[in-house]
Amino acid sequence: MAELDIRKPLPGITTEAKPFWDAAAQQKLVMQRCQDCRAWVWTPRPSCFECGSEHIDWTPMSGKGEVYSFTVIRQVVGRAASKAFEPDIPYVIAWVDLEEGPRMITNVIGCRVEDVKLGMKVSVVFEQQSPEIWLPKFKPLF
Amino acid sequence: MRLALEDAGLSLKDFNGQGLGVTIPTAYPQPFWPEEVAEILGITPGFLLGGATGGAGSVSLLGGMAAAINSGLIDVALCIGAAAPFSENFGGGIQPGDMRDWEIPYGTMGPNSKIAMVMRRHMHEYGTTLDHLGKIAVAGRYHASLNPAAYLRKPITIEDYKNSRLVADPVRLLDCVLPANGGKAYILASPERAKKLRKRPVYLKGFGERSNPSYGARAGSDALIMGVKDAGKVAMEMAGVKHSDIHFLELYDDYIIVVYLQIEDLGFCGKGDLDYFERTDFTFKGQLPIQTGGGMINCGQPSTAGGTLHILEAVRQLRGEGGDRQVPNAKIGLVSGLGVLPYGKNLGCCAVAVLGNEA
């Protein structure tokens with residue numbers, strides 16, 4: 001388990017996103033899926049952004065995906081809260097395409113930044129940030 | 001703004017009951033800014049419009065104001081893009097929900113992080129190299145060296161570009177736009193009114209806009225395609241022009257890769273056509289002049305007001321006022337504005353205008 005770090009900016013637990021954070025706390029990755037057009041809906045919202053249907057259900061994901069692209073953060077800039085990430089430098093920000101289709105912005109952890117490659121297979125891990133928030137991150141699948 | 005008024009032979013009083021368009025800067029994010037501008041200037045507009053599409057705002061204002069003029073609501077409008085991020089910066093205010101909840105908690109560092117991922121993906125899919133991208137940077141700086149109003153005027157080489165320091169791997173310092181304080185203005189009028197103004201008018205021949213474009217499933221779209229693909233098509237069709245009719249491009253340039261993608265997406269070449277970038281001369285004397293005044297990368301980007309620069313440069317070129325960087329026989333130019341980086345996608349607001357010096 002990661003160290004508890006309450007200084008970093010935390011996501012807001014909105015009404016739409018609460019089921020996601022509840023599942024994440026159980027080490028489960030879930031996303032909304034439209035029961036009418038079958039589209040994946042990510043990030044959380046009240047209705048399907050492909051067809052407008054309100055029949056969208058939280059659905060378990062495999063938690064596997066691949067790196068679509070990434071960057072390495074070597075310097076913090078901008079807002080004051082960015083400072084909280086300084087001890088993590090260098091770290092990887094990635095777009096991970098999940099097996100089912102949706103793309104997440106996340107961190108790739110558990111390997112050297114030099115070892116991250118596009119197309120690399122990864123799987124989800126959860127890092128606790130606060131009592132309620134377990135942030136899904138990804139590590140290489142070896 | 002004073003320069004724009006002098007150019008047109010108008011005074012502020014001419015805008016009472018007429019149009020005032022103001023871009024909304026991210027550096028000063030308060031919703032009453034257009035009204036505040038009217039108050040600062042001491043005018044009473046009859047149509048007040050905010051350019052609220054982020055960096056695309058200045059080009060969006062062209063379309064919105066033209067619609068108001070064509071409808072007969074007004075017949076002249078003053079459009080302003082001004083921001084002072086170094087003296088009036090309120091930290092971007094409240095972040096969009098996706099950014100607050102799904103990006104910042106991972107330690108993303110603003111637009112650099114996302115554009116870096118776009119750039120790396122393009123290099124991965126198409127084999128694009130720093131030589132291809134650097135050519136854009138070198139051409140822009142060359143034009144800036146010929147523009148007395150540019151900030152960065154010392155010419156650079158491809159090697160300078162390649163050796164500039166990494167900011168957000170693979171984005172380098174010379175990939176990035178230069179933040180600046182600044183303000184610009186232009187005046188838009190009906191053709192009848194424009195003919196009575198001091199200088200020969202430039203015409204808005206076509207306009208297209210696409211906000212929140214998605215190419216593929218919305219949850220995982222192709223991040224290498226920009227909405228200018230469709231906005232540009234609409235604008236060119238409205239103007240009745242083909243690619244070969246367009247003499248120069250002034251493309252929104254927050255990053256070099258963004259200029260590169262737009263040349264592809266506007267259809268001047270196919271996606272990943274590296275050979276096109278190798279053989280094309282992008283200088284004002286070349287086959288496809290771009291960024292003829294050096295763009296925001298060399299002239300500065302005052303927050304989301306920055307895009308107004310491209311409209312002014314296009315007007316200069318079409319009036320033959322380009323000085324040492326004048327595109328020979330420039331009759332038609334294309335201008336773009338881009339704004340907002342939505343979650344998991346490329347730029348979210350894309351506006352394209354085709355300008356010409358004949359009605």
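Every chain is numbered from 1, with letters handed out A, B, ... down the list of sequences. Values below: all heavy atoms of this structure, side chains included; hydrogens, waters and symmetry mates excluded.
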Q) Taking it one step at a time, do A:S82 and B:M109 satisfy side-chain contact (heavy atoms from CB on, under 4.5 Å)? A) CA-CA 7 Å; A:S82 297; B:M109 296 292 152; 3.8 Å; yes
Per-residue contact mode, [X] against chain B (heavy atom under 4.5 angstrom):
X: A:D97; answer: neither
X: A:M104; answer: both
X: A:V92; answer: neither
X: A:P90; answer: neither
X: A:I105; answer: both
X: A:Y91; answer: side chain

Based on non-hydrogen pairs under 4.5 Å, which of [options] is most in contact with chain B?
options: A:L98, A:V76, A:I133; answer: A:V76
options: A:N107, A:V41, A:V72, A:I13; answer: A:N107
options: A:F85, A:W95, A:W42; answer: A:W95

**Q.** Check: A:W21 ring centroid to B:W102 ring centroid under 6.0 Å
**A.** yes
Q: Report the C-alpha separation of A:R74 and B:R165 in whole Å, then their side-chain angles, then the decisive distance to 0.1 Å, and conclude whether the side-chain contact (heavy atoms from CB on, under 4.5 Å) test is met.
A: CA-CA 12 Å; A:R74 299 179 191 276; B:R165 85 179 156 84; over 6 Å; no
How long is the gap from [atom1] on [X] to [atom2] on [Y], to the nearest 0.5 Å?
X: B:M123; Y: A:L118; atom1: CE; atom2: CG; result: 11.0 Å
X: B:D222; Y: A:R103; atom1: CG; atom2: CZ; result: 7.5 Å
X: A:I93; Y: B:N112; atom1: CD1; atom2: CG; result: 12.0 Å

Heavy-atom cut-off 4.5 Å, strictly under: side chain, backbone, both or neither for [X] against chain A?
X: B:V118; result: both
X: B:K114; result: both
X: B:D98; result: side chain

(Q) Pair B:D101, A:T14 - check side-chain contact (heavy atoms from CB on, under 4.5 Å), show working. (A) CA-CA 9 Å; B:D101 293 340; A:T14 59; 3.8 Å; yes
Given the options [options], which has more heavy-atom pairs under 4.5 Å with chain A than any of the others?
options: B:R218, B:E125, B:M117; result: B:M117
options: B:R120, B:R100, B:M119; result: B:R120
options: B:A217, B:G344, B:G220; result: B:G344

What are the two closest heavy atoms between [X] and [Y], and how far apart are they?
X: B:P105; Y: A:L10; answer: CG-C, 4.1 Å
X: B:Y106; Y: A:K137; answer: CE2-CG, 4.1 Å
X: B:A219; Y: A:W40; answer: CB-O, 3.6 Å
X: A:I73; Y: B:G107; answer: CG1-O, 4.1 Å

[atom1]/[X]: more than 12 non-hydrogen atoms of other groups inside 6.0 Å:
X: B:K233; atom1: NZ; answer: no
X: A:E114; atom1: CD; answer: yes
X: B:Y126; atom1: OH; answer: yes

